[in-house]
Asker: 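Encoded as structure tokens, here's the structure I'll be asking about.
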Amino acid sequence: MAYLEVKNIYKRFGKTEVLKGIDFSMNKGQVVSIIGSSGSGKTTLLRCLNFLEIADAGTFSVNNKVLFDAENQKALTDAQVRENRLHFGLVFQNFNLFPQYSVLENICLAPKLQAKERADYKANAKQINAEIEAKAYKLIDDVGLSAKCNAYPCELSGGQQQRVAIARALALDPEILFFDEPTSALDPELTGEILKVIKELAQRDMTMVIVTHEMQFAAEVSDQVIFMDGGVIVEQGTPDEVFVHPKSERTKAFLSRYNNA
Amino acid sequence: MEFLTITQDLLQGFGITCLLFIMTLILAIPLGLLFAFCSMSKISVIKVPTKIFIWIIRGIPLMLFIFVIYYLPSLLADGNASLNIFNTIDLKMTIAAGSNELLWQGRFLAVLIAFVINYACYFSEIFRGGIESVSQGQYEAGYVLGMTKSQVFFKVVLKQVIKRIVPALSNEIITLVKDTALANAIAIPEIIKCAKDMASSQALIWPLFYTAVFYLLFVGVLTVVLNRVEKKLSYFKA
């Protein structure tokens, strides 16, 4: 049984049908890249999986636990939706760090708020917060920003901000980490540092889904590549199958446009 | 000697000016926040009337609105504007206190109601602009981190809103200081009214100009305080 199972996801905005039945699955520890031109629906798919959009039809489950079923989504309480979305982490294209908080505070904010809901919080508040901070320092170190713990987002480069955003998502121990074009808002010379962090995560068997325009990177890091076009998955397979031996004409056309660019 | 007594008299009026200012500020900010949320509501039976209300209040002169609040309750009650309920309060209070001068608390209430509603409408538009200017991405980042709606608003969005609205709010607050002078339309003895009374009873015009010093000092202090707030929030960009 696959780790993440996505079945038959449909989504429309008004009259525009953006997702027309998306099915895919992946195993634990795998990296899946989703490629495709703008408007192909890949970001919408990611947003549906993170409950930022509510899909019109379909289901998805992690580890055999159904997180979303369009049939009874309305029956879920806010608390249940919150619980379900915490299985996933999402890194945004434009980082979305909280500007008024330092690097450390950005990472600790959500874990600390969650800790307050724990039954034993009152008795062990100090210890719990110290643990959260210790973990945050470790994450900051992992993304190579130890010197910037107390800096504010406005004092960081785009690449540094994105690394903080990755650490912030990891602080909640997501089972799967999603990336929505994590390097698209960055200068070309800064994309390398983000891709390096993602590669390190892949080596540590983090399960990840990456929407990206970096074909070279997708080929290097992914176990599976999905090519989307017009709201459907046109082709999926290993990087070799999709990039080197694409079967579909649409895939070939898309890739040749990239190679020529 | 004359200068000192006149300063003292004017200070008394200025006390009422300050009282109107402070009370309007304290009450109009929460009411403005409520109006802001109503005008952003997805439910049109809440949103549309709020928008129309804000349009009316912002569209008529504050002085006219003071008269409306002052006269309308009595007119609606028995169609007789001469039996003004706010004046009645003042009369009863004066008699009860055995005072020689007519007390002003009843009319002050009328002015306060007008000011609070008027300023709440202006504030609400500033708040709405501030809240809507925070990018959707900030909310989404909070949600994917498992925060509740209220956590996102209070822990993530609010401080960014405050930072953005401080300059516009400062402007409105300074305008409010000077708008308090409109209270003399229904004879509240605020500082301008005091000075005008001196002009008519003692044929002195300079106290009227002298009131500017009080306003300037007050606005000066406010400017310093508001600049400090702005500076305190300048450590981040939003």
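Chain A is the first sequence line, chain B the second, and so forth, proteins listed ahead of strands; every chain is numbered from 1. Quick note: numbers below take in every heavy atom, side chains included, and nothing from hydrogens, waters or symmetry partners.
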Asker: Show the numbers, then the answer: is there a side chain to side chain contact (heavy atoms under 4.5 Å, CB included) between B/Thr148 and A/Asp78?
Answerer: CA-CA 8 Å; B/Thr148 62; A/Asp78 279 1; over 6 Å; no
Asker: Determine whether more than 12 heavy atoms belonging to other residues, nucleotides or ligands lie under 6.0 Å from atom CD of A/Glu83.
Answerer: no
Asker: With a 4.5 angstrom heavy-atom cut-off, is it the side chain or the backbone of B/Tyr139 that approaches chain A, or both, or neither?
Answerer: neither
Asker: Among A/Asn50, A/Asn84, A/Leu113, A/Val91, which has the most heavy-atom pairs under 4.5 Å with chain B?
Answerer: A/Leu113
Asker: At a heavy-atom separation under 4.5 Å, does B/Glu140 approach chain A through its side chain, its backbone, both, or neither?
Answerer: both
Asker: More than 12 heavy atoms of other residues, nucleotides or ligands under 6.0 Å from NZ of B/Lys155: is that the case?
Answerer: no
Asker: Please classify the contact between A/Tyr152 and chain B as side chain, backbone, both or neither, with a heavy-atom cut-off of under 4.5 Å.
Answerer: side chain
Asker: List the steps, then state whether side chain to side chain contact (heavy atoms under 4.5 Å, CB included) holds for A/Leu109 with B/Val156.
Answerer: CA-CA 9 Å; A/Leu109 179 65; B/Val156 175; 4.1 Å; yes
Asker: Could you tell me which non-hydrogen atom of B/Val144 sits nearest to which non-hydrogen atom of A/Leu90, and how far apart they are?
Answerer: CG1-CD2, 4.0 Å
Asker: Testing the basics here: between B/Ala141 and A/Asn96, what is the closest heavy-atom pair and its distance to 0.1 Å?
Answerer: CB-O, 3.5 Å
Asker: Which bit of A/Gln114 comes within less than 4.5 Å of chain B, counting heavy atoms only: side chain, backbone, both or neither?
Answerer: side chain
Asker: Considering residues, nucleotides and ligands other than B/Lys232, do more than 12 of their heavy atoms fall under 6.0 Å from its NZ?
Answerer: no
Asker: Under 4.5 Å, counting heavy-atom pairs only, tell me which of B/Gly146, B/Gly142, B/Ser135 racks up the most with chain A.
Answerer: B/Gly146
Asker: I'd like to know if the side chain of B/Tyr235 and the backbone of A/Gln100 have a donor-acceptor N/O pair within less than 3.5 Å.
Answerer: yes
Asker: What part of A/Arg168 gets within 4.5 angstrom of chain B, counting heavy atoms only: side chain, backbone, both, or neither?
Answerer: both
Asker: Tell me, for A/Glu117 versus chain B, whether the close heavy atoms (under 4.5 Å) come from the side chain, the backbone, both or neither.
Answerer: side chain
Asker: Given that the side chain runs from C-beta out, which part of A/Phe51 has a heavy atom under 4.5 Å from chain B: side chain, backbone, both or neither?
Answerer: neither
